[in-house]
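Worksheet: the structure to be examined is printed underneath.
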Amino acid sequence: MKHYILPLIMFPFITQGQTTGPDTIKVKELGEITVVADAQLTSATKTVYIPTGNQKSTASDGVSLLSRMNIPQLSVNPITETVKTADNQGVSLFINFHPVADEDVSGLNPSDVKRVEYLDFPTDPRFQRAQHVVNFITHAYSHGGYTKLSGKERFMIRSGEASVYSKFAYRKMEYDVMVSGDYDYNSHIGSVSDEIYRLEPGTIRRTSGTETGKQHQRGFYSALRASWNKSDNLTFRNLVSYRRINTPINHTSGYVSFSSLYPSETYHTESPSTNNAVGWDSELYAALGRGWSINGNCQAEFAGNNTSSNYYAGTESIENLADEDSWFLRGSIQVNKSLSDKFTLFSNVLSGGGRTHIDYTGSSNAVNRFRQAFTGITVGMSLNYQKVSGSIDGGYAFESNYINGKTMDDRYPFTHINLQYAPNQRNSISLWFQYATFSPDATMKNPNIIRQSELMYISGNPDLKCSRNTSANISYTWLPSNKWQLSAYATMFLISNRQIAVYTPDGPDGMMLKKYQNDGDYNHGQIGANLTGKFIDGRLSISVSPRMLLYKTTGSNSISYYPFSASLNVNYYLGRFFFNGYYDTGSSYVDGENAFLRKMPMSYSVSAGWSSRGWNIQLSVVNPFQSSWKLSEDTLTTRWYDNKMTQFGSDYHRRISLTVTYTFNYGKKVSQTGELSGEKNISTSILK
């Protein structure tokens with residue numbers, strides 16, 4: 001935080017006509033006056049936060065910078081390195097108005113960040129109609145750039161990652177290159193389950209538990225981006241990428257017992273897989289003059305996935321081999337016309353399609369062919385007065401799905417309304433409403449029946465219909481001074497005729513069939529707040545976030561559940577050293593797709609680090625008193641099938657993490673555009 005020192009020196013000259021008597025001057029010393037600039041302010045369009053020198057120098061990437069800034073509208077978990085809104089909505093991350101994924105901010109150089117903006121339903125066309133946005137405004141380079149080397153190792157759970165990122169500016173072009181890799185060697189995977197099958201011959205209880213489990217997974221990502229963005233009126237970017245996820249070892253062994261029908265046995269599973277994807281992403285924005293502007297985006301990806309799932313229990317053997325090839329292409333274009341500095345009209349067209357081929361061999365032989373095409377048209381208007389801003393839009397979408405010779409079409413309307421009011425720079429209130437549609441993916445519509453265990457088969461449903469979604473939110477932001485920050489919110493989220501896995505005794509040979517159906521409604525609400533206080537000239541910040549979740553579902557799995565949770569985040573700076581403490585009481589939720597109630601353990605961490613001259617070294621101790629490998633406890637209760645399952649993994653097990661980052665600059669810095677990193681997941685439509 002900058003302090004401006006204003007020494008006041010007074011030189012009074014006193015004259016009294018032609019009097020020549022001696023001057024009498026009284027001098028009074030004034031104390032030093034410190035004027036502190038606002039580090040945060042809100043308006044009807046956005047809330048702006050200025051990171052302090054301590055926050056920037058101690059952060060190693062964009063996510064850690066957000067964690068240190070304690071932005072009240074955000075929920076940042078420094079353990080999982082995730083960013084969401086305070087009410088658990090997804091956040092679209094941007095750097096200098098360019099969209100990036102969550103992982104893309106890992107290459108960001110925090111020392112180049114000038115400010116961070118938070119926006120709800122922004123009207124700027126460069127945000128591409130995103131709903132909740134974090135926009136990093138950074139410096140750029142007139143020439144040259146920087147290179148960043150990063151490495152992270154997690155001891156006691158055997159996982160880590162490393163990356164090299166480099167940015168280079170030359171004339172009117174900027175180039176971003178990144179190569180990264182990660183590994184995860186987990187020797188404590190598996191689950192313990194207690195299942196009840198109510199079949200026609202009678203009720204069968206199946207219990208199983210993992211005694212040994214091991215998974216080795218390695219990932220690789222590389223990308224090159226070229227950008228022409230030296231003008232505020234025209235930007236053009238192209239990205240090509242390749243990523244690979246290889247899981248050569250993924251096996252479990254344990255016991256399985258039945259109350260009848262089958263004898264108790266030991267079991268063994270093998271599930272290796274390989275996933276590859278090549279992608280292309282292009283982005284264009286142009287201001288055409290006379291209030292006209294245009295922005296567009298085009299994406300394409302080709303993926304190849306190979307999965308093997310083998311289950312052995314005594315003489316029983318279930319083998320499922322899947323070979324998947326898929327591609328998709330989608331694009332959007334939006335035209336904007338400013339009628340005045342207060343009103344803007346816009347229209348957007350989004351269209352795309354793709355194809356997926358899956359060949360199943362083994363215990364279940366099948367061939368799947370999917371084709372999908374969709375088009376949506378949106379028209380809307382935005383307004384921006386001094387204290388009020390907002391937008392309203394409506395549209396209509398058409399979707400066509402072809403699955404193994406059967407074609408299904410769906411048409412549906414949608415709308416978004418948002419309004420924001422800021423009487424001053426300290427207070428703002430936001431309201432938004434959305435009516436949209438959830439379309440089932442190819443996995444849910446997969447018509448094949450695949451055997452999953454001795455008593456269970458799984459299948460999609462080509463007749464699955466879209467689900468209508470209504471959501472609304474009201475939030476209030478209060479920034480009384482640089483010392484205090486507050487955000488409070490209430491959210492409603494409703495899904496009618498939801499798409500959910502339904503269990504019935506209709507499988508082959510009278511076994512249980514897990515099949516996706518339109519069944520019941522999903523109602524979810526949330527009430528919460530985020531309060532931050534900063535003390536000792538900003539060197540100490542404390543943030544607390546209580547929240548109450550509300551769930552009520554209908555259909556084959558009716559649940560009423562109201563959990564409470566809270567988190568605490570503390571940061572302290574001492575010269576070049578920094579310290580962090582984080583605590584979360586543990587979360588739970590009702591899953592909207594599989595109908596189970598999931599409860600997860602609490603998590604906590606203590607971190608200390610040092611930064612200087614491009615180096616950033618941080619040591620974290622996570623969950624030091626949790627020796628358990630438990631991930632979650634899942635409970636499912638339906639008419640025909642019940643399941644109580646405990647899943648195991650390394651996410652909440654104690655560990656020590658060491659992160660080392662070194663950044664060196666070369667060239668002349670003026671301002672800076674977005675960073676590049678890898679998307680670690682590859683989509684697949686294989687039934688599992």
>> With a sphere of 6.0 Å drawn around CZ of R369, does it hold more than 12 non-hydrogen atoms of other residues, nucleotides or ligands?
In response: yes
>> Can a donor-acceptor pair be found, under 3.5 Å and without considering hydrogens, that links the side chain of S400 to the backbone of Q372?
In response: no
> What is the minimum heavy-atom distance between R198 and M512, and which atoms define it?
Replying inline: N-CE, 3.9 Å
> So, for S273 and T307, which heavy atoms are closest and what is the spacing to 0.1 Å?
Replying inline: CB-OG1, 4.0 Å
> Do you know the tightest heavy-atom contact between G90 and T85?
Replying inline: O-CG2, 4.1 Å
>> If only side-chain N and O atoms count, and only distance matters, is there a donor-acceptor pair under 3.5 Å linking S351 with T375?
In response: yes
> Stepwise, does the side chain to side chain donor-acceptor pair (under 3.5 Å) test hold for T638 with S556?
Replying inline: CA-CA 6 Å; T638 68; S556 63; over 6 Å; no
> Which distance, rounded to the nearest 0.5 Å, do you find between the CD of E161 and the OH of Y221?
Replying inline: 14.5 Å
>> For R206, is there an ion pair with E454 - N to carboxylate O distance below 4.0 angstrom?
In response: yes
> Under 3.5 Å, side chain of T554 to main-chain N/O of D521, donor-acceptor pair present?
Replying inline: yes
> Is there a donor-acceptor pair closer than 3.5 Å between any side-chain N or O of T553 and the backbone N or O of I559?
Replying inline: yes
> Out of N246, D184, I249, which one pairs with H216 under the side chain to side chain contact (heavy atoms under 4.5 Å, CB included) rule?
Replying inline: I249
> Checking E283 side chain against G296 main chain: does a donor-acceptor pair fall under 3.5 Å?
Replying inline: no
> N418 side chain to W432 main-chain N or O, any donor-acceptor pair under 3.5 Å?
Replying inline: no
> Taking the six-membered ring of F97 as reference, does the NZ or CZ atom of R126 fall below 6.0 Å from its centre and within a 45° cone about the axis?
Replying inline: yes
>> Does the plane of the ring in Y183 sit parallel, tilted or perpendicular to the ring in Y185? Use 30° and 60° as the thresholds.
In response: perpendicular
> What do you reckon, are the aromatic ring centroids of Y589 and Y551 less than 6.0 Å apart?
Replying inline: no
> For E301, which of R330, R355, R243 qualifies under salt bridge (Lys or Arg N to Asp or Glu O under 4.0 Å)?
Replying inline: R243
>> When you measure from the side chain of Q217 to the backbone of N250, do you find a donor-acceptor pair of N or O atoms at a distance under 3.5 Å?
In response: no
> When the ring centroid of Y267 is compared with that of Y312, is the distance short of 6.0 Å?
Replying inline: no
> Just by distance, do the side chain of D281 and the backbone of L239 share a donor-acceptor pair under 3.5 Å?
Replying inline: no
